[in-house]
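See below for the structure under consideration.
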Amino acid sequence: MIVWLNGAFGAGKTAAAQELVELLPDSTLFDPELVGAGLRRMLPKERLGQVDDYQDLPSWRRLVVDTAAALLLEVPGPLVVPMTLLRQEYRDEVFGRLAARRIEVRHFLLDAEETILRERIGRRAPGDDEELRSWRLRRLGDYTRALPWLRTDSRIVDTSALTPRQVAEEVTAAFRSGEGACDIVQSAEPVAETVAAGVLLFDDEDRVLLVDPTYKPGWEFPGGVVEPGEAPARAGVREVAEELGLTLDREPQLLVIDWEPPEPPGYGGLRLLFDGGRLTADASSRLLLPGAELRGWRFVDEAEAATLLPSVRRERLRWALHARKLGCPLNLEAGIPVGR
């Protein structure tokens with residue numbers, strides 16, 4: 001298990017974490033800052049110059065999960081993790097990968113008034129310099145923008161008038177009562193190539209339905225991995241029912257089959273997109289969202305979809321819409337039609 005202390009710089013995460021490990025039996029402090037420091041020493045300066053924050057490095061997000069999992073093989077746990085996570089897609093990726101490893105996360109937001117945060121950041125601490133304090137102050141705007149989703153995703157502890165010990169005592173009491181639990185789907189990470197089936201659903205303006213998973217970054221098509229012995233089209237029907245509470249009245253028609261090449265650490269595999277047809281306004285109004293798996297859905301045109309989907313799915317959608325107009329499926333490899 002992990003007790004994740006989130007919050008802005010100046011909220012008191014590190015000091016509270018040090019107190020917390022004294023209050024929670026068998027707990028161990030894990031500071032992901034150490035992972036960032038290691039990457040700074042190992043990665044070329046050219047790569048580091050491409051990001052403003054080491055959290056923007058995919059390697060950092062993966063190594064945090066891998067390191068936490070490795071530590072929990074060595075110590076009983078829980079791990080106490082004082083780390084700011086302000087981008088929701090990074091939270092999805094890190095917590096989702098932890099959930100895939102069956103590692104439970106308790107998420108606590110240490111909050112304080114902005115004037116207090118600014119005053120705390122402004123204090124000179126050993127090892128701090130003016131550039132670092134300025135960077136932390138600039139991040140307060142990111143924190144303010146992240147508060148709407150942070151407040152719905154965590155147990156809030158107001159640290160404005162509390163000592164680190166008092167913060168740790170409140171977190172301990174909340175932890176022992178089961179608060180802070182993250183309700184997120186536990187989808188095991190693949191260990192080999194997979195077959196996945198997605199279903200495109202349209203509204204009366206021919207906009208396509210996309211969903212926003214809680215357990216991974218970016219928007220997606222409704223669908224999921226085909227189970228052993230399951231027909232891909234039936235898998236798409238099953239996933240639509242599980243994700244959206246919608247029962248399709250017919251077997252969806254294949255639009256594209258795309259071979260996704262392995263890209264370490266991913267294994268790739270076959271990706272199929274089916275045409276689930278047009279939803280009526282009444283059917284759209286009755287769509288359900290399982291909180292542990294999806295946080296939202298929306299109908300979008302192709303241009304808006306291009307801003308939400310990663311490139312591999314963006315190309316897959318483009319050719320799927322083309323196949324829908326042609327009236328025949330297309331065979332793709334790495335998003336490119338074969339034999340065209």
Side-chain angles (χ1 to χ4, degrees), residues 2-23 29-41 43 45 48-57 60-61 63-64 67-68 79-91 93-95 105-172 174-175 180:
I2 287 176
V3 180
W4 195 289
L5 303 183
N6 205 346
F9 295 103
K13 300 183 298 297
T14 300
Q18 291 168 346
E19 298 284 352
L20 193 57
V21 293
E22 296 184 8
L23 297 175
L29 180 64
F30 167 41
D31 189 351
E33 289 272 4
L34 298 175
V35 176
L39 286 172
R40 285 196 191 98
R41 298 186 65 175
L43 288 175
K45 291 181 179 180
L48 292 172
Q50 295 171 351
V51 299
D52 182 55
D53 186 341
Y54 57 69
Q55 291 191 12
D56 297 330
L57 297 167
W60 179 86
R61 302 191 297 274
L63 282 171
V64 167
T67 305
L79 298 182
V80 177
V81 181
M83 191 69 224
T84 300
L85 270 182
L86 301 184
R87 292 185 59 168
Q88 194 171 22
E89 62 267 34
Y90 293 172
R91 172 269 182 210
E93 183 176 350
V94 173
F95 286 17
V105 179
R106 300 284 187 87
H107 189 195
F108 293 87
L109 175 64
L110 306 191
D111 191 25
E113 297 175 3
E114 183 175 342
T115 53
I116 293 175
L117 293 174
R118 289 185 174 277
E119 190 273 330
R120 290 175 179 173
I121 292 172
R123 295 174 189 166
R124 181 178 295 275
D128 279 2
D129 56 33
E130 189 60 38
E131 183 178 353
L132 179 62
R133 286 197 298 275
S134 296
W135 184 83
R136 289 174 173 174
L137 285 170
R138 291 197 302 272
R139 293 299 302 277
L140 287 179
D142 297 334
Y143 176 67
T144 300
R145 287 186 289 274
L147 275 176
W149 75 263
L150 282 171
R151 285 172 171 157
T152 63
D153 196 73
S154 61
R155 163 60 156 87
I156 301 174
V157 178
D158 188 343
T159 70
S160 299
L162 300 180
T163 65
R165 186 71 176 190
Q166 290 170 327
V167 172
E169 288 170 349
E170 183 170 338
V171 171
T172 299
F175 171 79

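Just so you know, these numbers come straight off a predicted model, no measurement behind them. What's counted below: heavy atoms across the whole structure, side chains too, no hydrogens, waters or symmetry copies.
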- [ ] Only counting residues at least two apart or in another chain, list the ones meeting salt bridge (charged side-chain N to carboxylate O under 4.0 Å, His left out) with Arg61.
- [x] Glu93
Task: Counterpart residues, side-chain contact (heavy atoms from CB on, under 4.5 Å), relative to Glu119 (two or more places apart) - done: Arg123
TODO: Report the distance from atom CG of Leu162 to atom CG of Leu110, rounding to the nearest 0.5 Å.
DONE: 10.0 Å
Open item on the list: Can you tell me how far apart CG (Leu117) and OG1 (Thr159) are? Round to the nearest 0.5 Å.
Closed with: 7.0 Å
TODO: Evaluate the side-chain proximity of Leu57 to Leu43: yes if any heavy-atom separation is below 4.5 Å, no if none is.
DONE: yes
Task: pair Pro32-Trp60: side-chain heavy atoms closer than 4.5 Å - done: yes
If you look only at distance, which donor and acceptor atoms sit under 3.5 Å apart when one is on a side chain in residues 14-21 and the other is two or more places apart or in another chain?
unit_1 : atom_1 : unit_2 : atom_2 : d
Glu19  : OE1    : Arg165 : NH1    : 2.9

- [ ] Applying side-chain contact (heavy atoms from CB on, under 4.5 Å), run through Phe108 and Val171 and close with a yes or a no.
- [x] CA-CA 8 Å; Phe108 293 87; Val171 171; 4.1 Å; yes
Task: Interatomic distance, Arg145 atom CZ to Leu150 atom CG [nearest 0.5 angstrom] - done: 12.5 Å
Task: Flag, side chain of His107 to backbone of Asp153, donor-acceptor distance under 3.5 Å - done: yes
Open item on the list: Does Gln55 form a side-chain contact (heavy atoms from CB on, under 4.5 Å) with Met83? I'd like the steps, not just the answer.
Closed with: CA-CA 11 Å; Gln55 291 191 12; Met83 191 69 224; 3.1 Å; yes
- [ ] Please examine the side chains of Gln166 and Glu170, heavy atoms only from C-beta on, and report whether any two atoms are closer than 4.5 Å.
- [x] no
Task: Ile121 and Trp135, any side-chain heavy atoms less than 4.5 Å apart - done: no
Task: Gap between atom CG of Leu5 and atom CG of Leu85 - 0.5 Å precision - done: 11.5 Å
Open item on the list: Test of understanding: with side-chain contact (heavy atoms from CB on, under 4.5 Å), list the residues that count as partners of Arg87, not counting sequence neighbours.
Closed with: Asp56, Glu89, Tyr90
Open item on the list: I need the Thr84 OG1 to Lys13 NZ distance, nearest 0.5 Å.
Closed with: 3.0 Å
Task: Under the side-chain hydrogen bond (donor to acceptor under 3.5 Å, both in side chains) test, residues paired with Asp111 that sit two or more places apart - done: Tyr143
TODO: Report the residues that fulfil side-chain contact (heavy atoms from CB on, under 4.5 Å) with Ser160, sequence neighbours left out, ordered by chain and then residue number.
DONE: Ala112, Glu113, Ile116, Asp158
- [ ] Calculate, to the nearest 0.5 Å, the distance between atoms CG and CG belonging to Leu34 and Leu63 respectively.
- [x] 12.5 Å
Task: Heavy-atom check, side chain of Tyr54 versus side chain of Glu33, under 4.5 Å - done: yes
Open item on the list: Minimum heavy-atom separation for Leu109 and Ser154, please, with both atom names.
Closed with: CB-OG, 3.2 Å
